[in-house]
Amino acid sequence: MRVLLVDDEPLQRLLLMRALAPLGVEVGEARNGREALDLLQEKPFHLVLTDLHMPVMDGLELTQALKAQDPLLPVILLTADREREVRLKGLQVGADDFLNRPVDLSELRLRVKGHLERRRLQEELEELEKTLLVLVRAVEAKDAYTAGHGERVARYALFGAEELSASPEELKDLRMGALLHDIGKVGIPDHILRGDHPLTEAERAYIRRHPVLGDEILRPLKAHPRLRPYVRWHHERPDGSGYPDGLREVPLLVQVLSAADIYDALTSGRAYRAPLKGEEALEVLEKEAREGRLSQEAVWALRSGLVRKRALGPR
Ligand SMILES: [Fe+2]
Ligand SMILES: [Fe+2]
């Protein structure tokens, strides 16, 4: 892992560098915020340890710039004890931690180690997420009409969920669930997914397995219990006519996902049918809702979310 040291005093940098040596991390040096940002352009660092008072660009400005680029990059500010005001400002711009000068070197090592460990876990999670999304894209790419489907559905579903005042945690799960909702299609033969012809009854039956396949694929994940409803139940319908479980009581946010899913399919078109305009697609959804095959509340939320975000219309 790489730590970036930012301090205008060469002696201070040397001292800190020596202190970090036992951690076995690669250390980069910069004399001010500007230089630090330039270095970060060249290669990524996993933690930034910065002095406060420096010429050209000080520690607070640097922290602000860093957090704007990557809110998860840990930034530790080195400050003198008395600077309470500065600490408050540091927190405001998003500093993760402070170390008092003169620096207690053992404390420095422990804090840096802790932040790096959290960063590593974070990156592992991001990697896992990326791997799953690559898998989803591979499935979507089999059919020109579904390319980008997961991402669009996630966007629409979040617009709708915000109308229902979903919590940040719920929004996070919904986003991931929406991105992955069709991951089970990875187990469906290509010629069925290609989407160049209306499906036969047998092909339809095959495709109907994808929610259960997706549920199985994601089972090893720790997040599985939270993602499961979205993946397994996005084709359930409130009148019980859906699949795979024929549920009548489907969680509301899952129904928002279903509405967003159908909205995207209608506005994307197929080789054998033209895409609908956003308003036309919503009218189809509203009709479905009146007839009990979609949740009225979910369709209402989707409509007002799309209107609020001015996202209505052909994508
Ligand atoms: Fe699906
Ligand atoms: Fe879908």
Side-chain angles (χ1 to χ4, degrees), residues 132-161 173-196 198-219 224 227-238 240-247 250-251 253-273 275-276 278 281-282 284-285 288-289 293-295 298-299 301-302 305-306 311 315:
L132 288 171
L133 295 180
V134 165
L135 196 57
V136 167
R137 290 223 179 96
V139 181
E140 290 175 351
K142 290 178 183 180
D143 171 1
Y145 293 92
T146 60
H149 172 67
E151 266 152 69
R152 286 192 304 274
V153 171
R155 228 176 102 232
Y156 302 148
L158 288 180
F159 294 166
D173 292 338
L174 170 60
R175 182 179 156 270
M176 209 48 200
L179 287 169
L180 297 175
H181 75 277
D182 279 335
I183 198 166
K185 288 189 178 171
V186 76
I188 310 280
D190 289 10
H191 70 273
I192 301 183
L193 287 185
R194 220 171 293 129
D196 49 6
L199 296 171
T200 65
E201 201 39 57
E203 289 172 335
R204 217 185 296 272
Y206 213 108
I207 280 202
R208 280 166 161 253
R209 295 170 54 193
H210 78 271
V212 172
L213 287 174
D215 187 12
E216 290 302 323
I217 288 171
L218 298 181
R219 195 177 292 277
H224 176 254
L227 301 181
R228 182 170 204 238
Y230 298 110
V231 175
R232 189 178 176 98
W233 294 334
H234 69 274
H235 287 290
E236 297 291 347
R237 297 291 171 254
S241 67
Y243 60 93
D245 297 319
L247 295 185
V250 188
L253 290 179
V254 176
Q255 304 199 54
V256 172
L257 170 62
S258 303
D261 188 22
I262 302 173
Y263 178 83
D264 184 60
L266 293 173
T267 51
S268 300
R270 289 289 178 270
Y272 48 87
R273 108 174 130 60
L276 296 187
L282 280 177
V284 174
L285 294 183
E288 289 289 298
R293 285 184 298 278
L294 281 175
S295 145
V299 173
L302 178 66
L306 287 167
R315 20 159 164 132

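Both ligands and their constituent atoms are indexed starting at 1 by order of listing.
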What I'd like to find out is whether the side chain of S258 reaches to under 4.5 Å of the side chain of R237, using heavy atoms alone.
yes
Please list, chain by chain and in numerical order, all residues satisfying side-chain contact (heavy atoms from CB on, under 4.5 Å) with L213, sequence neighbours excluded.
I188, R209
Does P189 have any side-chain contact (heavy atoms from CB on, under 4.5 Å) partners at least two apart in sequence or in another chain, and if so, which?
H191, I192, Y206
Decide, yes or no, whether a salt bridge links R219 with E216 under the criterion of side-chain N to carboxylate O below 4.0 Å.
yes
Across all chains, not counting sequence neighbours, the salt bridge (Lys or Arg N to Asp or Glu O under 4.0 Å) partners of R208 are none
From the Fe ion (ligand 2), how many protein N/O/S atoms are found at a distance short of 2.8 Å?
4
If I consider every N, O or S atom in H235, which one ends up closest to the Fe ion (ligand 1)? I only need its name.
NE2
What one should report as the nearest heavy-atom pair of G242 and E236 is C-OE1, 3.8 Å
